[in-house]
Undergrad: 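Quick one: structure below, then a few questions.
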2 protein chains.
Amino acid sequence: MHEIIDSHAILWNLDFMELLVPTLPETTQSNDTAASRFVDDYLLYQLASASHRLSSEFHAYVKSRGVKIYVWRVLACLVDQPGLMLTRLSALVLIEQSRLTKITDQMVGEGLVSKRADPTDRRKTMLYVTEKGAQTARPLIAQAKEHEEKSLRVLTAQERKSLKRVLKKLG
Amino acid sequence: MHEIIDSHAILWNLDFMELLVPTLPETTQSNDTAASRFVDDYLLYQLASASHRLSSEFHAYVKSRGVKIYVWRVLACLVDQPGLMLTRLSALVLIEQSRLTKITDQMVGEGLVSKRADPTDRRKTMLYVTEKGAQTARPLIAQAKEHEEKSLRVLTAQERKSLKRVLKKLG
DNA sequence: TTTAAAAATATTCTAAATCATGTAATCTTG
DNA sequence: CAAGATTACATGATTTAGAATATTTTTAAA
């Protein structure tokens with residue numbers, strides 16, 4: 001539902017370890033028969049659910065490396081866009097501007113990124129991944145690709161192509 | 001990225017009003033040329049991004065009706081499953097158990113749902129949407145369907161079918 | 001059946017996300 | 001070029017989410 005929950009919240013995850021969400025035993029009461037819950041065929045729920053499940057998987061890995069999810073997200077988004085200004089990174093990384101300001105400040109303190117005022121417009125903050133940030137990101141990106149590969153195995157080649165094309169249209 | 005952000009985060013939204021995320025002006029610096037950001041082709045990012053964008057749209061509507069996002073999510077998930085126990089609702093609605101306990105307590109206070117101990121297992125809490133809850137949910141579900149319909153217009157009939165099938169496989 | 005283990009939910013504490021607003025720099029336009 | 005509007009970012013207060021743990025009830029095993 002989220003993203004529905006996507007909550008925004010929710011970026012990426014990995015199942016090199018077993019699933020986090022154990023299958024629950026059958027419930028005592030209520031219509032398991034009623035095969036038609038509203039949400040089951042609701043696009044926004046399906047998106048949120050898939051996003052949530054897959055991201056949770058990978059997040060377990062990110063956390064196991066001692067990296068905060070939002071740090072991973074920022075690095076993954078920024079690594080290919082040196083000098084990106086804060087507001088644009090905010091839209092890309094799906095994190096609110098005011099929140100991203102705090103996150104990047106913290107990351108500057110940790111030596112993962114650096115900030116520089118844009119000389120042509122001093123309102124703008126240009127962001128750069130530092131060498132340390134790049135070193136942090138590298139193995140995570142490698143694992144992300146591996147996890148993605150695994151996740152896509154349940155789909156046919158056709159389905160994979162179609163999915164990505166469609167998601168680009170929607171996103 | 002979220003879901004990457006999926007944020008979690010994020011359930012469902014509606015664009016009966018104009019998009020919330022205004023298109024930003026072109027950035028001064030940096031490689032708009034480099035058409036290959038890692039995240040652009042990363043499944044978990046694409047899922048998070050689509051989920052985030054679409055949900056944000058609909059959330060604007062939910063909020064305009066004075067309904068909290070998590071309340072919407074709970075009602076939407078519970079309305080077809082009377083008597084569902086807390087933990088199972090938690091998995092369905094993509095909200096953590098401890099959080100859901102608080103949310104549902106609050107919703108009981110607002111008369112939107114009711115709780116009843118399962119007579120066969122007093123550990124379990126069975127949840128029910130009240131009439132007031134159903135009345136709250138009804139117009140939101142209608143709008144959700146409308147919004148979904150709108151969202152899917154950018155896709156071909158083929159793509160829609162494929163998308164939902166694939167999302168069910170992934171979610 | 002007692003005892004240990006597991007399951008379901010509640011509680012507490014902390015972290016993270018959001019909102020509203022503030023400030024400074026730039027842009028617009030008369 | 002000066003006044004107001006806009007843009008970019010920062011700050012502070014509040015809400016929401018999450019992790020860890022406690023409590024109660026069932027289940028399983030000895």
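Per chain, numbering begins at 1; letters A, B, ... match sequence-line order.
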Undergrad: Which whole-number value in Å describes the distance from A:Arg88 CZ to D:dC9 P?
TA: 11 Å

Undergrad: Rounding to an integer number of Å, can you tell me how far A:Arg116 CZ sits from D:dA8 C1'?
TA: 17 Å

Undergrad: Could you tell me whether A:Lys161 atom NZ has more than 12 heavy atoms of other residues or ligands within 6.0 Å of it?
TA: no

Undergrad: Quickly work out the B:Lys115 NZ to C:dT9 P distance and round it to whole Å.
TA: 9 Å

Undergrad: Please state how far atom NZ in B:Lys63 lies from atom C1' in D:dT16, giving the value in whole angstrom units.
TA: 12 Å

Undergrad: Who passes salt bridge (charged side-chain N to carboxylate O under 4.0 Å, His left out) against B:Lys132, sequence neighbours left out?
TA: none

Undergrad: Identify which nucleotide among D:dA10, C:dT9, D:dA17 has an atom closest to any side-chain atom of B:Thr125, counting heavy atoms from C-beta outward.
TA: C:dT9

Undergrad: Does B:Thr101 place a side-chain N or O at less than 4.0 Å from the phosphate oxygens OP1/OP2 of C:dA10?
TA: yes

Undergrad: Taking only side-chain nitrogens and oxygens of A:Tyr70, does any of them come within less than 4.0 Å of OP1 or OP2 of C:dA17?
TA: no

Undergrad: Which whole-number value in Å describes the distance from A:Arg99 CZ to D:dA17 P?
TA: 14 Å

Undergrad: Nearest whole Å is fine: how far is C:dA17 C1' from B:Lys68 NZ?
TA: 13 Å

Undergrad: So with a 6.0 Å cut-off around CD of A:Gln158, is the heavy-atom count from everything else above 12?
TA: no

Undergrad: Of the options D:dA17, D:dA10, C:dT9, whose atoms approach the side-chain atoms of B:Met85 most closely?
TA: C:dT9

Undergrad: Would one find a side-chain N or O of A:Thr87 under 4.0 angstrom from OP1 or OP2 of D:dC9?
TA: yes

Undergrad: Between the base of C:dT12 and the side chain of B:Lys102, is there a donor and acceptor pair under 3.5 angstrom?
TA: yes

Undergrad: Report all interatomic pairs (protein N or O, nucleotide N or O of nucleotides 21-26 of chain D) with separations under 3.5 Å.
TA:
from: D:dT25; atom 1: O2; to: B:Arg123; atom 2: NH1; distance (Å): 3.3
from: D:dT26; atom 1: OP1; to: B:Arg122; atom 2: N; distance (Å): 2.7
from: D:dT26; atom 1: O4'; to: B:Arg123; atom 2: NE; distance (Å): 3.4
from: D:dT26; atom 1: O4'; to: B:Arg123; atom 2: NH2; distance (Å): 3.4

Undergrad: Tell me: CD1 of B:Ile69 to P of D:dT14, nearest whole Å?
TA: 21 Å

Undergrad: From C-beta outward on A:Lys124, which listed nucleotide comes closest to its side chain: D:dA8, C:dA10, C:dA16?
TA: D:dA8

Undergrad: Do the side chains of A:Glu146 and A:Arg153 get close enough for a salt bridge, i.e. N-O under 4.0 angstrom?
TA: no

Undergrad: Are B:Glu110 and B:Lys68 ion-paired here, with the side-chain N under 4.0 Å from a carboxylate O?
TA: no

Undergrad: Look up atom NZ in A:Lys102 and atom CZ in A:Arg99, then write down how far apart they are to the nearest 0.5 Å.
TA: 7.5 Å

Undergrad: Suppose we call a contact any N or O donor and acceptor under 3.5 Å apart; does that hold for the side chain of B:Ser98 and the base of D:dA19?
TA: yes

Undergrad: Are B:Lys145 and B:Glu149 within salt-bridge range, i.e. N to O under 4.0 Å?
TA: no

Undergrad: In whole angstroms, how far is the P atom of C:dA15 from the CD atom of B:Glu96?
TA: 16 Å

